[in-house]
Amino acid sequence: MELRDKFERVIDYLRISITDRCNLRCIYCMPQRGVKLFEHKEILTYEEITRVAGIAAALGVRKIRITGGEPLIRKNISWLIASLKAIKGIEDISLTTNGILLEKYARALAEAGLNRINISLDTLRPDRYREITRGGDISLVMKGINAAEESGLLPVKINMVPIRNLNDDEISDFARMTLTTPRHVRFIEFMPIGSRDLWSDKRYLSTDELKKTVEKISPLIPVRLRKRGPAKYFRLDGASGVIGFISALTHHFCEDCNRLRLTADGRLRPCLFSETEIDLKPALRKLSSDMEIERLLRLAIEVKPEGHKIDQRDDLSSLKNMSRIGG
Ligand code: SAM
Ligand code: SF4
């Protein structure tokens with residue numbers, strides 16, 4: 001079965017945030033004091049998450065990404081991965097993490113059936129990492145990356161958010177990583193969402209600017225890695241790794257959007273930037289039938305907007321933190 005929205009986009013990808021809590025406080029994502037957190041009872045149980053994923057898979061969802069907050073701080077995550085893996089129709093399970101706890105969990109995650117991992121890393125310099133994450137230790141992330149590779153969670157994808165006058169002098173260093181390792185490095189445009197203490201147009205770097213910087217190393221050769229999804233991929237001449245660009249604000253983002261998001265407190269979010277959410281929790285907690293959950297999933301796809309139109313919005317204050325939506 002294939003699930004299409006009214007703009008003929010195939011929806012086959014569900015991003016599930018399993019917690020809004022985090023062990024870091026990245027300056028572009030969360031305020032230092034943290035954010036108001038859900039109460040524990042508001043957060044979906046693993047059984048509830050697995051139920052939603054099963055119904056979504058029967059409708060045509062094939063890929064799941066686990067995210068957060070920081071997903072690795074939630075207990076028994078391997079149990080969740082194994083339960084999702086057992087769902088008929090689910091072909092690929094991935095996870096986005098800051099990598100701090102990855103050394104400890106990589107093997108168990110791989111054994112539970114995790115296919116791939118994305119690690120968020122915005123600098124390669126220990127002092128700058130401490131500054132950006134407000135106290136994080138980059139050596140733990142590096143150990144986590146190695147553990148992921150040793151556990152076969154390949155290819156490891158590194159997500160970097162380039163921000164002017166913060167880490168934009170490291171764009172080439174990240175790109176060069178693809179010359180010496182098979183890692184995928186993905187540059188994600190900084191978005192006006194989350195802790196907007198840091199956000200300003202002046203801090204923002206477009207994909208076009210990022211590409212120009214990377215092309216000083218060598219021309220970017222287009223690579224087709226996936227049928228759908230927001231990233232556009234390239235390779236530097238002779239590289240074993242791949243470079244991706246995720247242009248949230250400029251081109252090619254919405255037209256290829258293939259996803260729904262489920263927040264940690266059980267709301268379906270058809271678009272990262274939309275305020276529309278469909279609350280599944282009352283139906284889940286009332287033990288409503290699978291048909292009712294299916295109806296709500298279909299409704300979320302029905303109201304999925306054609307594009308985020310964020311450039312036409314003056315007031316972005318209602319946009320939630322990424323740590324609540326799951327990035
Ligand atoms: N804690 C995990 C991590 O950092 O990978 C998963 C959740 S985090 C919210 C998911 C992704 O959102 C990270 O790669 C992070 O860099 C990205 N992110 C957070 N705020 C962002 C912003 N304002 N613009 C662009 N990306 C952002
Ligand atoms: Fe935490 Fe990830 Fe946000 Fe950093 S980007 S504060 S690691 S949720």
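Note that the structure is predicted; figures quoted are calculated from it, not measured. Just follow the structure's listing: the first ligand is 1, and inside any ligand the first atom is 1.
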Exercise. Hey, is T97 touching ligand 1 through its side chain, its backbone, both or neither, going by heavy atoms under 4.0 Å?
Worked result: backbone
Problem set entry | E131/R128 ion pair, N-O < 4.0 Å | no
For this session: With heavy atoms only and a cut-off of under 4.0 Å, state how C26 meets ligand 2: side chain, backbone, both or neither.
Result: both
For this session: Run the numbers for me: atoms of ligand 1, each under 4.0 Å from some heavy atom of T96, listed by number.
Result: 2 (C), 5 (O), 6 (C)
Problem set entry | Option with minimal heavy-atom separation from atom 2 (C) of ligand 1, where the choices are S17, G69, P192, G68 | G69
Problem set entry | Those residues that, when tested against Y46, pass side-chain hydrogen bond (donor to acceptor under 3.5 Å, both in side chains) (two or more places apart) | none
Problem set entry | Residue-ligand contact E189/ligand 1, heavy atom below 4.0 Å | yes
Problem set entry | Criterion side-chain contact (heavy atoms from CB on, under 4.5 Å) against I171, the qualifying member of D173, D168, D169 | D168
Problem set entry | E70-ligand 1 polar pair, N/O distance under 3.5 Å | yes
Exercise. Out of V214, T207, V161, which residue meets the side-chain contact (heavy atoms from CB on, under 4.5 Å) rule with F187?
Worked result: V214
Exercise. Polar-atom distance check: T67 versus ligand 1, any N or O pair below 3.5 Å?
Worked result: no
For this session: Examine C22 and say whether one of its N/O/S atoms is closer to atom 1 (Fe) of ligand 2 than 2.8 Å.
Result: yes
For this session: State plainly whether one hydrophobic cluster holds both I221 and F174, where clusters connect Ile, Leu, Val, Met, Phe, Trp and Tyr through side-chain heavy atoms under 4.5 angstrom apart.
Result: no
Solution key, residues 233-240 side-chain donor-acceptor pairs under 3.5 Å, sequence neighbours excluded:
from: Y233; atom 1: OH; to: R186; atom 2: NH1; distance (Å): 2.9
from: R235; atom 1: NH1; to: A239; atom 2: O; distance (Å): 3.3
from: R235; atom 1: NH1; to: S240; atom 2: O; distance (Å): 3.2
from: S240; atom 1: OG; to: T181; atom 2: O; distance (Å): 3.2

